[in-house]
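Some notes on the structure that comes next.
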Amino acid sequence: MRRPAFLSRLPVDPYIAGLLGTVALAALLPARGPAAGVADGASTGAVALLFFLYGARLSTREAMDGMRHWRLHLTVLAATFVAFPLLGLASRGLVPYVLTPELQAGLLFLCLVPSTIQSSIAFTSLARGNVAAAVCAGSFSSVVGIVLTPLLAALLLGGSGGFSPRSLVSIVGQLLLPFLVGQLLRRRVGGFLTRHGRALGYADRGSILLVVYAAFSEGMVRGVWHQVTPLRLLALVGVEAVLLAVMLTLTGYGSRWLGFGREDRTAIVFCGSKKSLAAGLPMAGVLFGAHASLAVLPLMLFHQMQLMVCAVLARRYARDSGPLPSRVSEQLRSSRPARISSPSGD
C-alpha cells in the first residue's frame, strides 16, 4: 500500500506511530469489566481473520516455483530459526543486570518470529538484489513460522512470560486453521482480495491495532507496566541494536562464505535479518495472554529499528552496485511481489 509522500519523510513509520497511539489509548482508557471481554473476543476474531486473509493471499504455486533455489531459502531459514533463537537464548545472561526476566522473554520471542515479506522484497528491490528469491524466501519463512514459532516458544520459553503448552491449542485454532482455510478458498476469493487490496490492507492494520489494544489494556489492568523503568527500556534498545548488527553481519559475511553472488547475498541479508511485526503481534496475543504487552514491546522496537537501518543499508547497496543489471530489471517486472503479500506492517 502506497502512502503519501509527506508520510514517507517522517523519521518514524506511520504504522509504528499508530501502534504507539494505540498503546497510549490503552494506558489512558484500558478496557475493564464487560468491555474487556468484548475487546478480547473482538481481538480473537481479528486474529483469525488476519491469518485467513494471509492464507488466501499466498500464492502456493509461485512459492513452490522458488524451491529450485533451495540453498538460499535454507540459509534464510537457518538465520531466522537457528541463529536468531541462539542469540535470544544467549540474552539470558543479561538477566537481571540488564534486562528483566519479562523483557528477556519478549526478546527471545522476537528471535522466534518469522521473517517479513513485504519489507524484505522492498529493500531487496531497492538494493538491486534477487527480488524473486526474496519473494519466495519471505513466503517460506512466514509459512514455516506459523508452525515453528509456537513449537520453539513451547521448547525455549516454557512457563516464561505466561506462556504454557496449552497455548499450542489456541495457536492451531486461531492461526493455523484460518490460514489453511484461506489457502483452500484461495481460488474462490483470490480475485476479490486482489480487487480490494487497499481496503483489506486497512483491515489488516486495524486487526493488529485491535490485538495491541486488547493486550496492552489487560497489561494495564494487571499492573504489568509497573515492572518496566525507563532505564530498562534504554537497555533493551541497546541490546536490540547489537542483535540487529550481529545478524546483518552474520548474514552478509555468511552468505559470502557460502559462495552466493551479490544479488543472492542481498536477498539473504534483508530476509534473514528482519522479523515480522504483522505475524508476531497476533502470535504473542495468543501465546502470552495477559503478559502479551511486555512480550511484544521488544518486537515493536526492533521493527522500527530494522526499517531505519535497512533503508540506509539498501541505498548503500544500490549505490555500490552500479548500473541496474538487465537480469534484475527482468526480476522486478516478473516477480510481482504484490501477489504474495503479508498482512500490512510486516
Side-chain angles (χ1 to χ4, degrees), residues 1-2 54 57-84 113-146 244 247-256 258-280 302-303 306-321 324-346:
M1 185 184 306
R2 184 171 297 176
Y54 188 15
R57 287 170 175 156
L58 180 63
S59 173
T60 307
R61 180 184 60 81
E62 290 187 11
M64 291 301 102
D65 285 345
M67 282 297 291
R68 60 180 178 273
H69 211 347
W70 60 270
R71 286 183 66 245
L72 184 147
H73 302 317
L74 286 181
T75 302
V76 172
L77 290 177
T80 304
F81 296 114
V82 178
F84 256 117
V113 170
S115 180
T116 66
I117 300 179
Q118 290 179 343
S119 56
S120 293
I121 295 168
F123 287 127
T124 301
S125 174
L126 178 61
R128 301 177 182 176
N130 190 336
V131 178
V135 171
C136 296
S139 301
F140 291 154
S141 177
S142 296
V143 173
V144 170
I146 292 175
L244 180 58
M247 287 307 302
L248 286 171
T249 303
L250 183 62
T251 52
Y253 284 97
S255 58
R256 184 185 296 273
L258 290 172
F260 288 100
R262 191 203 69 83
E263 295 168 14
D264 289 347
R265 293 200 305 270
T266 301
I268 290 171
V269 167
F270 290 114
C271 294
S273 63
K274 300 213 302 303
K275 292 294 183 176
S276 173
L277 186 71
F302 189 83
H303 176 81
Q306 71 185 12
L307 289 180
M308 293 188 296
V309 173
C310 288
V312 174
L313 193 61
R315 292 188 180 96
R316 195 189 76 181
Y317 276 30
R319 185 176 63 251
D320 294 343
S321 67
L324 186 65
S326 58
R327 186 159 66 92
V328 178
S329 301
E330 293 173 1
Q331 289 176 346
L332 295 178
R333 290 192 298 268
S334 63
S335 59
R336 297 179 184 177
R339 295 180 63 183
I340 300 181
S341 60
S342 67
S344 300
D346 75 342

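- Residues Ser120 and Ser115 meet the side-chain proximity criterion, which asks for heavy atoms closer than 4.5 Å.
- The closest side-chain heavy-atom distance from Asn130 to Thr266 is not below 4.5 Å.
- Closest non-hydrogen pair, Arg128 versus Ala318, comes out as NH1-O, 3.7 Å.
- By the 6.0 Å and 45° rule, Lys275 does not stack over the aromatic ring of Phe302.
- Leu307 approaches Ser119 most closely through the heavy-atom pair CD2-CB, 4.2 Å.
- Counting heavy atoms from C-beta on, the side chains of Phe270 and Leu313 come closer than 4.5 Å.
- Considering every non-hydrogen atom in both Ser276 and Val113, the closest pair reads O-CG1, 3.3 Å.
- A distance of 8.5 Å separates CD of Gln306 from CG of Leu277, quoted to the nearest 0.5 Å.
- Between the CZ atom of Arg256 and the OH atom of Tyr253 there is a distance of 7.5 Å, given to the nearest 0.5 Å.
- Proximity of Ser255 to Asp264: side-chain heavy atoms (C-beta onward) are nowhere separated by under 4.5 Å.
- Rounding to the nearest 0.5 Å places OG of Ser273 at 10.0 Å from CG of Leu250.
- Listed here is the closest heavy atom pair of His73 and Cys136: CE1-CB, 3.5 Å.
- Summarising the geometry of Pro114 relative to Ala279, their closest heavy-atom pair is CG-CB, 4.0 Å, with the distance given to 0.1 Å.
- Closest approach of Phe81 and Ser141 over heavy atoms only: CZ-O, 3.7 Å.
- Judged by distance alone, the side chain of Lys274 and the main-chain N or O of Val269 form no donor-acceptor pair under 3.5 Å.
- In this pair, His69 and Phe260 present their aromatic rings tilted. The plane angle is within the 30 to 60° band.
- Not one N or O on the side chain of Ser125 forms a donor-acceptor pair closer than 3.5 Å with the backbone of Ile121.
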